[in-house]
Amino acid sequence: MEEATKEKVYNPQKIEKKWTDKWNREGIFSLKSTKNKPKYYVLEMFPYPSGEPHMGHARNYSIGDVIARVLSRKGYNILHPIGFDAFGLPAENAAIKSGKHPKESTMENIEKMRVALKRMGMSYDFGDEIITSEPDYYRWTQWLFLLLYKMGLAEKREAPVNWCGSCQTVLANEQVVRGKCERCDSPVTTKVLSQWFFKITKYAQRLLDDMDIIKEGWPERALTIQKNWIGRSEGARINFKLDGDDINIPVFTTRPDTLYGATFFILAPEHELVDKIVGEKYKKEVSKVKKIISTQSDMDRGSEDTEKIGCFTGRHVINPLNGEKIPVWVANYVLTGYGTGAIMAVPAHDTRDFEFAKKYKIPIAEVISPDGKNHEPLEESYTGEGIMINSGEFSGKESIEGKKKITEYLEEKGIGRFEVNYRIKDWLISRQRYWGAPIPIIYCDKCGAVPVPEEDLPVKLPHDVDFKPTGLSPLAYCDEFVNTSCPNCGRKAKRETDTMDTFVCSSWYFLRYCSPHDDNKAFDRKETDYWMPVDQYIGGIEHATMHLIYSRFFTKALYDANLVDFKEPFIKYFPHGVVNLGGKRMSKSRGNLVSPSEIYNTYGSDTLRLYILFMGPADAAVDWSDEGVEGASRFLNRVWRLVLSNIELIEPAKGKVREIDLKDIEKETFRKLHQTIEKVTEDMLERFNFNTAISAIMELVNLMYKNIGEIENKPLIKELTEKLLILLSPIAPFITEELWSMMGKTVSIHRIEWPEYDKDIAKEETITIVFQVNGKLRDKKEMPIGSSDEELKKQALSSERIQKFIEGKKIIKSIVVPNKLVNIVAK
RNA sequence: GCCGGAGUGGCGGAAUUGGCAGACGCGCUGGAUUCAAAAUCCAGUGGGCUGAGAAGCUCGUGUCGGUUCGACCCCGACCUUCGGCACCA
């Protein structure tokens, strides 16, 4: 143990430097111990190394650090790793501007972050750090790609995809927010390209079903976002036969009960059948309409303000229930991306179809009626449930029942079936950019797409390339990368030049942390069996439909490959709130940034951590306040002085605190200590309410200030001081370690067991009983805990103030809540 | 439009099971200390009314209504705001 400095004045810079160095030397940052203790895996979403950490990082990591530290002290073997999500666009864009290679800038930024994280006192296993852009990591990302490929879960196919013109790359659906690029906010357009997809849609139902496993540990809101994203809807698939041709066109509908009301039929303009079936006379008109629609972006077509346009194709389909001929149209509001790209249009019971039918004067047939009566002509569509009318043999049935009956009927006839449709789409993982993991595929003229053999991994990113974005991956211009030979037949072949979405790298990093140095496999089964799943995951909710859903998908695929024995990666997930400044999200472009380093360079990391946790509930958005920081710093100074002013009394104190030796004021303080231990432990671990845990510690300090002059029992002073420091140590690791060592301790405070509280000591002897008349507070009285109902009532009635208020009234009844209140109801 | 969260002093926020609304902190006011200031320590601090004072009354948790002896908390309707989904068939 270092010699304590015995400084009079709290000097955070000095002591924080001293302890950072020492913890670094002695490996005290890590909380791993032995495997015979129960394990606990605490994980915070790893950062993209953008330079120094920002306030959101500081908040995220402070929360995780407190949890890891407290649980470690409660006897758990803790895995609390850190690493860097190091591939990605910003480094590449910076390279285009400055000429500095992404690898170089990324490594520099990682070093900045590493230094800052240690400076902030985060208890990570720094020796087990991973960097996703290093070949020893992305080798395994590529290996996992090949695994999914072999499982049939990775596929290259031509499809309309989202294109960000500014980033010069395609984007996954999840990365398009309101028609704009999630990263750079520029508009996203549609392109038809051949791209690699992961078939997450195959797991749509399991992503929903397995929510049962995690629903206790995840906030409902996170699961709701995912449910909305997956977008399950139940209905029926119905085949409509094309009149005069042996072609069946399937549609998906959630309202098979309205089938009798289908008065027209719509194909999406991009539907493959359109050109095949369109009538000779209508070809000109159809191609004209198709052209207009093709100028509308998906965003426009997806807007309610856009006028519905379409035209008749000259052909009809047969309504499978009543044999009626229904005209086939094309229209902009039917999309290829959902369902089958064709719909049966029921204008009476669908607002969009109604609008379209009105415009083009198509008949509207009412088949569902709220009251069983006929309301034609309809003023507007009726989309609710009701009684089926004009529906042949189904008339008179409830529409909910009708859905089932009609589907069953169609099923019997072999022209339809129950079907579930999902809104989620396959995950597009190709990126036309340099700074990512190369997709390990080789194209051979003879053999087609051939996976790179495992032993040839990693497919290394070449170092020297021209980063200029052209819409093609920079790798495409790098001959020594592109040209290779086919692993199958040995002929000349070309490598895939697209790289993987960085979300692929982050979909399995939590597994790599279990055996980060393993050169023979992505992860060691023995280690993942022990450590996984992550017990507590912490990070921003903005990843609900991206990182979090992808990681869940990956885990399920690995489960199916029998590589892991759990179906969900994160048992508990806690989304921390954002840190704002002036009501707005902090951001460089807005120029409203407060960086953690400004704060720790001025006040110290302990103040930063204390304030960031005290600002508000950890899951709520909070607004940064410089005055608040002052307050946090003031509190630590208060603790410093409190301990130092009593340090002479503490060191020589011998013996245990015995309640019997204590006078009243000492007992009161001792009781407060145990109440504080209880509250702090519970608030931190069960409720994640660090703000109230801190306020409880403040209350204890306030009471100690008030009473300390009258406390003569030396063991009590020692006990109070020690426990206070231990309670504060996960939040403010430096100042507590310094004071601890100044008290003559030779073992780090961060290795001291977490205190237990004693129920009997914490228990109040008396409690304030509230006396009410007609529910209004009229008097209070201190009474012993556990006083009988009769005694409470007697005391209430004998109160002068109560008597005043019930004077002249009749007591109707009285309610007694033990240890709480007495309410006299009088009239 | 559908789904979900939030709304409490001048400010950030507490109130854990329907039982003292406003813990703790910031800010502010007063006092102690100081030649003075900073720092620190102590006290006060939701609004209105009554009172010389001690004290007391009363209103008060987005709005309106309801349930209850009793509602920040439960129910209904609405307003504001944030987030997810959205011509999704």
Side-chain angles (χ1 to χ4, degrees), chain A residues 9 177-178 219-231 233 235 251-255 258 266 268 300-308 331-335 337-346 349-353 355-356 383 421-423 541-542 544-545 610-611 614-617 619-632 634-635 637-638 641 679 682-683 686-687 689 691-702 705-706 767-780 801 804 812-817 819-826:
Chain A
V9 179
V177 179
R178 276 179 258 276
E220 201 183 314
R221 133 182 97 108
L223 296 178
T224 306
I225 292 172
Q226 292 199 353
K227 274 182 200 159
N228 284 340
W229 186 257
I230 294 166
S233 63
V251 302
F252 172 74
T253 177
T254 54
R255 294 299 300 269
T258 64
I266 306 177
D300 286 338
R301 280 171 67 176
S303 150
E304 280 177 44
D305 306 330
T306 306
E307 199 191 350
K308 292 177 178 41
N332 58 343
Y333 74 94
V334 175
L335 310 168
Y338 186 81
T340 63
I343 64 161
M344 61 178 221
V346 184
H349 306 293
D350 181 285
T351 45
R352 298 153 295 170
D353 298 342
E355 197 187 314
F356 193 83
T383 56
N421 223 301
Y422 301 92
R423 204 199 66 97
I541 189 95
E542 67 274 12
T545 60
L610 178 71
Y611 178 58
F614 184 63
M615 289 171 90
D619 57 356
V622 287
D623 216 69
W624 184 264
S625 144
D626 290 330
E627 291 77 28
V629 181
E630 295 272 357
R634 207 174 296 161
F635 171 72
N637 269 292
R638 233 166 114 74
R641 285 191 304 269
K679 181 161 174 64
E682 211 172 277
D683 280 359
E686 277 161 47
R687 312 201 315 149
N689 281 357
N691 54 334
T692 54
I694 291 167
S695 83
I697 297 174
M698 287 172 168
E699 282 184 53
L700 176 65
V701 168
N702 290 346
Y705 259 84
K706 200 173 144 202
I767 196 161
T768 311
I769 302 294
V770 171
F771 297 157
Q772 299 179 330
V773 176
N774 294 333
K776 282 191 181 167
L777 173 75
R778 295 303 180 190
D779 202 3
K780 307 175 189 186
R801 293 197 26 82
K804 201 178 108 194
I812 296 165
K813 65 170 161 178
S814 42
I815 288 113
V816 180
V817 182
N819 295 330
K820 285 247 166 79
L821 61 74
V822 178
N823 185 15
I824 312 284
V825 185

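Keep in mind it's a predicted model, so treat the numbers as computed, not measured. No hydrogens, no waters, no symmetry mates; every other heavy atom, side chains included, goes into these values. Letters A, B, ... are given to chains in the order of the sequence lines, protein chains preceding strands, and every chain is numbered from 1.
- Residues A:D353 and A:I343 have side chains in contact (heavy-atom distance under 4.5 Å, counting atoms from C-beta outward).
- B:U63 and B:G4: their P atoms are spaced 23 Å apart (whole Å).
- For the P atom pair drawn from B:U8 and B:C82, the interatomic distance equals 15 Å after rounding to whole Å.
- Counting to the nearest Å, the P atom of B:G5 and the CD atom of A:E220 are 6 Å from each other.
- Of the candidates B:G25, B:A89, B:C85, B:C85 carries the atom nearest the A:R423 side chain, counting heavy atoms from C-beta on.
- One can place CG of A:L821 at 7 Å from P of B:C20, the figure rounded to the nearest angstrom.
- Among the protein residues, A:N823 comes within range of the nucleic acid bases, having at least one heavy atom under 4.0 Å from a base atom.
- By the 4.5 Å heavy-atom criterion applied to side chains, A:E630 and A:R634 are counted as neighbours.
- Residue A:K813 has a polar side-chain atom (N or O) positioned under 4.0 Å from OP1 or OP2 of B:C69.
- Looking at heavy-atom distances under 4.0 Å, A:A621 makes contact with sugar-phosphate atoms alone, never a base.
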Exercise for the section: Kindly indicate, with the supporting measurements, whether the criterion side chain to side chain contact (heavy atoms under 4.5 Å, CB included) is fulfilled by A:Q772 and A:K776. Expected result: CA-CA 5 Å; A:Q772 299 179 330; A:K776 282 191 181 167; 5.8 Å; no

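- In this structure, of B:G25, B:U40, B:A89, it is B:A89 that holds the atom nearest to the side chain of A:T254.
- Within the 4.0 angstrom heavy-atom criterion, no nucleotide atom of any strand lies near A:P219.
- Taking atom C1' in both B:G7 and B:A21, one finds a spacing of 16 Å when rounded to whole Å.
- Regarding contacts with the backbone of B:U58, a side-chain N or O of A:R778 is found under 4.0 angstrom from either OP1 or OP2.
- At least one cation-pi condition fails for A:R801 and A:F771: the charged atom is not both under 6.0 angstrom from the six-membered ring centre and inside a 45 degree cone around its axis.
- Nucleic acid contact for A:V251: none, since no nucleic acid atom lies under 4.0 Å from a heavy atom of the residue.
- Here the C1' atom of nucleotide B:C87 and the OH atom of A:Y333 are 8 Å apart, to the nearest Å.
- One interatomic measurement links the two molecules: CZ of A:F614 to C1' of B:G25, which rounds to 4 Å at whole-angstrom precision.
- Taking a pair to require two hydrogen-bonding distances under 3.5 Å in either a Watson-Crick or a G-U wobble arrangement, B:C24 pairs with B:G12.
- Comparing the C1' positions of B:A43 and B:U33 gives an interatomic distance of 15 Å, to the nearest angstrom.
- At least one side-chain nitrogen or oxygen of A:R638 sits closer than 4.0 Å to the OP1 or OP2 atom of B:C42.
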Exercise for the section: For ring-ring contact (aromatic ring centres under 6.0 Å, His included), just list the numbers for A:Y611 and A:W624, CA-CA rounded to whole Å, side-chain angles, deciding distance to a tenth of an Å, and then say yes or no. Expected result: CA-CA 9 Å; A:Y611 178 58; A:W624 184 264; 5.1 Å; yes

Exercise for the section: For side chain to side chain contact (heavy atoms under 4.5 Å, CB included), just list the numbers for A:I541 and A:I225, CA-CA rounded to whole Å, side-chain angles, deciding distance to a tenth of an Å, and then say yes or no. Expected result: CA-CA 9 Å; A:I541 189 95; A:I225 292 172; 3.9 Å; yes

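- Pairing for B:A86 is absent, judged as Watson-Crick or G-U wobble with the two contacts each under 3.5 Å.
- Comparing B:U16, B:A14, B:C88 by their nearest atom to the side chain of A:P617 picks out B:A14.
- Going from atom CG of A:N691 over to atom C1' of B:G13 covers 7 Å, rounded to whole Å.
- Summarising the base pairing, B:A6 is matched to B:U80 through a Watson-Crick or G-U wobble pair whose two defining distances lie under 3.5 Å.
- Using modelled atom types, one finds a donor on one side chain and an acceptor on the other under 3.5 Å when comparing A:R638 with A:N702.
- Spacing of C1' atoms, B:G46 relative to B:A23, comes out at 15 Å, to the nearest Å.
- Nearest-nucleotide positions on RNA chain B for A:V825 and A:N702 put A:N702 closer to the 5' end.
- Counting only heavy atoms from C-beta on, A:V770 has its side chain closest to B:C20 among B:C20, B:A89, B:G19.
- Contact annotation: A:R634 reaches the phosphate of B:G27 (side-chain N/O to OP1 or OP2, under 4.0 Å).
- Judged by closest nucleotide on RNA chain B, A:V177 is the one of A:V177 and A:A342 placed further toward the 5' end.
- Of the candidates B:G19, B:U40, B:C87, B:G19 carries the atom nearest the A:Q772 side chain, counting heavy atoms from C-beta on.
- When distances run from any side-chain atom of A:V817 to the nucleotides B:C69, B:G19, B:C3, the shortest one goes to B:G19.
- No contact: A:N637 has no heavy atom under 4.0 Å from any strand.
- At the heavy-atom level, A:K820 lies under 4.0 Å from the strands shown only through sugar-phosphate atoms.
- Looking at heavy-atom distances under 4.0 Å, A:K776 makes contact with sugar-phosphate atoms alone, never a base.
- Rounding to whole angstrom units, CG of residue A:L777 and P of B:A71 are separated by 13 Å.
- Rounded to whole angstrom, the span from the CZ atom of A:R221 across to the P atom of B:G5 amounts to 10 Å.
- With a glycosidic angle no more than 90° from 0, B:G9 adopts the syn conformation.
- Proximity note for A:I815 (side chain, C-beta onward) versus B:G19, B:A89, B:A14: the nearest is B:G19.
- Using Watson-Crick or G-U wobble geometry with both donor-acceptor distances under 3.5 Å, B:C41 finds its partner in B:G31.
- For B:C69, the paired nucleotide is B:G19, the pair qualifying as Watson-Crick or G-U wobble because both relevant distances are below 3.5 Å.
- No engagement by A:S625 is indicated, since no non-hydrogen atom pair under 4.0 Å with the nucleic acid exists.
- When both distances must be under 3.5 Å, the Watson-Crick or G-U wobble mate of B:C57 is B:G48.
- Separating the CG atom of A:N228 from the P atom of B:G84 is a distance of 10 Å, rounded to the nearest angstrom.
- One distance of note links NZ of A:K679 with CD1 of A:I697; it measures 11.0 Å at 0.5 Å rounding.
- Listed nucleotides: B:G25, B:A89, B:C85. Nearest to the side chain of A:T253: B:A89.
- For the pair A:K308 and A:F356, the cation-pi criterion (under 6.0 Å, within 45° of the ring axis) is not fulfilled.
- A:E542 CD: more than 12 foreign heavy atoms inside a 6.0 Å radius.
- Nucleotides B:C26 and B:G22 place their C1' atoms 15 Å apart, quoted to the nearest Å.
- B:A6 and B:C75 have their P atoms separated by 12 Å, given to the nearest Å.
- Contact between the side-chain N/O atoms of A:K679 and the OP1/OP2 oxygens of B:A15 is not found at any separation under 4.0 Å.
- Among the atoms of the strands shown, base atoms are found under 4.0 Å from some heavy atom of A:E682.
- The residue A:G231 sits apart from the nucleic acid: no heavy atom pair falls under 4.0 Å.
- With both ends at atom C1', the span from B:C78 to B:G19 equals 29 Å, rounded to whole Å.
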